[in-house]
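Computed from heavy atoms alone, side chains included, the values below leave out hydrogens, waters and symmetry copies. For ligands, and for the atoms within them, numbers begin at 1 and follow the listed sequence.
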Amino acid sequence: MSTTQKGIAVDARPKRQATAKNIASMKGGTPIVCLTAYITPMAARLDKHCDLLLVGDSVGMVLYGMDSTLGVDLDTMIRHGRAVCRGAEQALVVIDLPFGTYEESKEQAFRNAARALSETGAGAVKLEGGREMAETVSFLSNRGIPVLGHVGLMPQSVHAHGGYGARGRSVDEWQPIIDDAIAIAEAGAFAVVLEGVAEPLARKVTEAVQCPVIGIGASNACDGQILVTEDMLGLFAINPKFVKRFAEIGRDIEDAIGGYADEVRKRSFPAEEHTYKMRGSNS
Ligand code: KIV
């Protein structure tokens, strides 16, 4: 550890944190591994396995019980962004810009994206939208803010789209989504999240754009994958078709809490080994 002029302890080891450029260079290579993270201990566990950690606005639903992402504000994203950055050493940390913080103008987007980066230490922001957001993506990218795009199913547009159903399941729905992805990539996004689309469309989009396409519910045809960590760990009740549960942590937590409650009621916890003794006592 060393100390800054302000007396803040900093870790002197050089961090080998991935950058947006590193992620962009992974197009067509080994698939890019991404997960969401909202808190330090989880970020620390995910970090060594992931190329990118997304502080998703899904935090509103997963941690705060909201029924959509629309109520999440920038301060919440910044608080969780800081927590994740404390736990991440090598993965690129990306902060989701929440609904209402970037759509109004490119200047509004810059102001809020700059806060998201400067107040957390993250390396990029994510925003939802296709052709209509291309000018904003270009404005941010040209001013030092790496942008991860997000097209296809866009949860912040749930009211406009009328739900979370998969997109592109008939060919006549394909072109607008392909055009959206191309527009965002050409505007300078270092990668694009493609959510909730049928496999042949995911393949087309991945072939059509220069930057990596990171799929969620978008088949194996993409350059990488992202999931909400709590979904794949079995910690979140909603279980869409595209989620594979790699663990059942929710069930394990219930078993553990049941065991604790039982032992407390039977007075078998705390046991001797969990109990402080008086100094000098030999038991
Ligand atoms: O908010 C989020 O977690 C996301 C991912 C699901 C891509 O946008």
Under 3.5 Å donor-acceptor pairs involving side-chain atoms of residues 174-185, not counting sequence neighbours:
residue	atom	partner	partner atom	Å
W174	NE1	G168	O	3.0
Q175	NE2	D179	OD1	2.9
D180	OD1	R131	N	3.0
D180	OD1	R131	NE	2.7
D180	OD1	R131	NH2	3.3

Do the numbers put K106 on top of the ring of F110, so that NZ or CZ is under 6.0 Å from the six-membered ring centre and no more than 45° off the axis?
no
Quick note, side-chain hydrogen bond (donor to acceptor under 3.5 Å, both in side chains) partners involving residues 204-225, not counting sequence neighbours, are K27-D223
Less than 3.5 Å apart, which donor and acceptor atoms pair up between the side chains of residues 249-265 and the rest of the protein, not counting sequence neighbours?
none

Any carboxylate oxygen within less than 4.0 angstrom of a Lys/Arg side-chain nitrogen, looking at R115 and D75?
yes
Using 4.0 Å as the upper bound for N to carboxylate O, is an ion pair formed by K277 and E272?
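Judged by the 4.0 Å cut-off on N to carboxylate O distance, E272 and K277 do form a salt bridge.
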Using a 3.5 Å cut-off on N/O to N/O, what pairs does ligand 1 make with the protein? A line per pair would be great.
residue	atom	partner	partner atom	Å
ligand 1	1 (O)	D57	N	3.2
ligand 1	1 (O)	D57	OD1	2.9
ligand 1	1 (O)	S58	N	3.1
ligand 1	1 (O)	S58	OG	3.3
ligand 1	1 (O)	D96	OD2	3.1
ligand 1	3 (O)	S58	OG	2.5
ligand 1	8 (O)	K126	NZ	3.0

